[in-house]
Novice: 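Got a structure for you, written out below as structure tokens; questions coming shortly.
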Amino acid sequence: MSEKTLRLAKNLMNKPVNTQHEDLKHRLRLRGSSLSQVARLIGERPSTVTLVSQGLRKSDKIQKALAEAAGCSPAELFPDRYKDDGGIK
């Protein structure tokens, strides 16, 4: 392996895992869905839906669609984005 390949592999191994995003993908898989399928249903690009699920972007429409597909509330999926009463922060 080249030195560049080894550096890239080392960086990937040290990259933190976004557990909230992985949990959402798992929930969707259990219900026979995926981020791409949610994107198609609501007419959004899959990359946009992924950014929202990773917490890098906010979209009430996408958060609601992801929560519905995962069988829970948006506040449950994205607790850092909602107040205790379920309202948006």
Novice: Looking at Lys58 and Arg81, would you say the former's side chain and the latter's main chain have a donor-acceptor pair under 3.5 Å?
Specialist: no
Novice: Closest approach of Arg31 and Glu68, non-hydrogen atoms and distance?
Specialist: NH2-O, 4.2 Å
Novice: What's the spacing between Thr48 OG1 and Leu35 CG if we round to 0.5 Å?
Specialist: 11.5 Å
Novice: Looking at every non-hydrogen atom in both residues, tell me the closest pair between Ser34 and Gln37 and how far apart they are.
Specialist: OG-N, 3.1 Å
Novice: Please check if the number of heavy atoms outside Lys61 that lie under 6.0 Å from its NZ is greater than 12.
Specialist: yes
Novice: Enter the distance from Ser33:OG to Leu24:CG here, rounded to the nearest 0.5 Å.
Specialist: 9.5 Å
Novice: What is the distance from atom CG of Leu28 to atom CG of Asp23, rounded to the nearest 0.5 Å?
Specialist: 9.5 Å
Novice: Measuring from atom CG of Leu66 to atom NE2 of His21, what distance do you get when rounded to the nearest 0.5 angstrom?
Specialist: 10.0 Å
Novice: State the CZ-CG distance between Phe78 and Asp60, to the nearest 0.5 angstrom.
Specialist: 10.5 Å
Novice: Mind listing the closest non-hydrogen atom pair of Pro74 and Ala67 along with its distance?
Specialist: N-CB, 3.4 Å
Novice: So how far is it from Gln54 CD to Glu22 CD, rounded to the nearest 0.5 Å?
Specialist: 8.5 Å
Novice: Donor-acceptor pair, distance only, cut-off 3.5 Å: does the side chain of Gln20 make one with the backbone of Ser53?
Specialist: no
Novice: Closest heavy-atom contact between Val38 and Ala65?
Specialist: CG1-CB, 3.9 Å
Novice: Run the side chain to side chain contact (heavy atoms under 4.5 Å, CB included) test on Leu77 and Arg27 for me, step by step, so that the C-alpha distance in whole Å, both residues' side-chain angles and the decisive distance to 0.1 Å come before the verdict.
Specialist: CA-CA 10 Å; Leu77 270 187; Arg27 286 178 181 222; 4.2 Å; yes
Novice: Honestly curious: do Ile42 and Leu51 fall in one hydrophobic cluster under the side-chain, below-4.5 Å linking rule?
Specialist: no
